[in-house]
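Notes follow the structure.
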Amino acid sequence: QVQLVESGGGLVQAGGSLRLACAASGQIFASYTGGWFRQAPGKEREFVAAITWSGGNTYYADSVKGRFTISRDNAKITMYLQVNSLKPEDTAVYYCAASRLPYGSGTSYQENYAYWGQGTQVTVSS
C-alpha cells in the first residue's frame, strides 16, 4: 500500500511559479510510474504529467508543455511538479498518483493509477 501526500499549493499571480511536492509512504513508490493530474471547478480531472520510475522519461499534456516540469527523488520517495508561467486557467486541485503499470501508452489515463493523494489547491489570479 502506498500513501501519497501533496504539498506546495497556494495562491499566486499570473506568471508566477510554485513547486508542488508529493511525498510517498513506501519505498516501493520508487518502482512505480508517477503522475500528476488536476481538476478545475466544474471540469473533469485531467492528465498533467507523468514520469518513469527512474525519472528517465517524462510526458506532458500539451497545455503545460514547456511551463511545467515533473521530477522525482527516489531516495526521498518524493515526486515534484515545478509549475512556471502560471495562467488563471491553471487554477485547479492538483493530485499526484502512482501506477504499478510500466510507463507507456496508457500513462495519461487516470484509471491506470492505483494510488492517489488528497490534492493541493493551486489558484492563479489574473
Notebook entry, point to check: Going from SG on C96 to CZ on F29, what distance comes out if it is rounded to the nearest 0.5 angstrom?
Noted result: 6.5 Å
Note to self: Please determine whether residues V12 and V83 belong to a single hydrophobic cluster, defined as Ile, Leu, Val, Met, Phe, Trp and Tyr linked transitively by side-chain heavy-atom distances below 4.5 Å.
What the structure shows: yes
Margin query: Assigning hydrophobic clusters by single linkage (Ile, Leu, Val, Met, Phe, Trp, Tyr; side-chain heavy-atom cutoff under 4.5 Å), is L18 placed with L11?
Written below: no
Notebook entry, point to check: Are any non-hydrogen side-chain atoms of M79 and L4 less than 4.5 angstrom apart?
Noted result: no
Notebook entry, point to check: Is there a donor-acceptor pair under 3.5 Å between the side chain of T120 and the backbone N or O of S7?
Noted result: no
Checklist line | Polar side chain donor-acceptor pair, N112 to Q110, under 3.5 angstrom | finding: no
Note to self: Are the side chains of T69 and Y60 in contact, using a 4.5 Å heavy-atom criterion?
What the structure shows: yes
Check: Is the charged tip of R45 near the ring of Y95: under 6.0 Å from the six-membered ring centre and within 45° of its axis?
Finding: yes
Next item on the list: Could you tell me which non-hydrogen atom of S17 sits nearest to which non-hydrogen atom of N84, and how far apart they are?
Entry: OG-OD1, 2.9 Å
Check: Under 3.5 Å, is there a donor-acceptor pair between the side chain of R38 and the main chain of A92?
Finding: no
Next item on the list: For the pair T123 and Q121, evaluate side chain to side chain donor-acceptor pair (under 3.5 Å) and give the outcome as yes or no after the intermediate values.
Entry: CA-CA 6 Å; T123 302; Q121 176 72 45; 3.2 Å; yes
Checklist line | Shortest non-hydrogen contact between Y94 and L81, atoms and distance | finding: CD2-CD2, 4.1 Å
Next item on the list: State plainly whether one hydrophobic cluster holds both I70 and W116, where clusters connect Ile, Leu, Val, Met, Phe, Trp and Tyr through side-chain heavy atoms under 4.5 angstrom apart.
Entry: no
Next item on the list: Kindly say whether F68 contributes a backbone atom to a donor-acceptor pair with the side chain of Q82 at under 3.5 angstrom?
Entry: no
Margin query: To the nearest 0.5 Å, what is the distance between CG on N74 and CD on Q27?
Written below: 7.0 Å
Notebook entry, point to check: Got a salt bridge between D62 and K65, using NZ or NE/NH1/NH2 to carboxylate O under 4.0 Å?
Noted result: yes
Notebook entry, point to check: Of the non-hydrogen atoms in G35 and Y113, which two are nearest, and what is the gap between them?
Noted result: N-CE2, 3.8 Å
Margin query: Please say yes or no: joined through hydrophobic side-chain contacts below 4.5 Å, possibly via intermediate residues, are Y32 and W36 part of one cluster?
Written below: yes
Check: Does the side chain of V124 come within less than 4.5 Å of Q13's, by heavy atoms?
Finding: no
Notebook entry, point to check: When you measure from the side chain of S54 to the backbone N and O of T52, does any donor-acceptor pair fall under 3.5 Å?
Noted result: no
Margin query: Could you measure the distance from the OG atom of S126 to the NZ atom of K87? Nearest 0.5 Å is fine.
Written below: 14.0 Å
Notebook entry, point to check: What closest approach, in Å, do V48 and V64 show between heavy atoms, and which atom pair accounts for it?
Noted result: O-CG2, 3.6 Å
Checklist line | For the student: nearest non-hydrogen atoms of T33 and P102, plus distance | finding: OG1-C, 3.7 Å
Item checked: Minimum heavy-atom distance V5-Q118, with the two atoms named -> CA-OE1, 3.7 Å
Next item on the list: Look at the side chain of Q39 and the backbone N and O of E44, then say whether any donor-acceptor pair between them is shorter than 3.5 Å.
Entry: no
Margin query: Are F47 and F37 an aromatic pair, judged by ring center distance below 6.0 Å?
Written below: yes
Next item on the list: Would you kindly check if the NZ (Lys) or CZ (Arg) of R19 is within the cone defined by 45 degrees around the ring axis of Y80 and under 6.0 Å from the six-membered ring centre?
Entry: yes
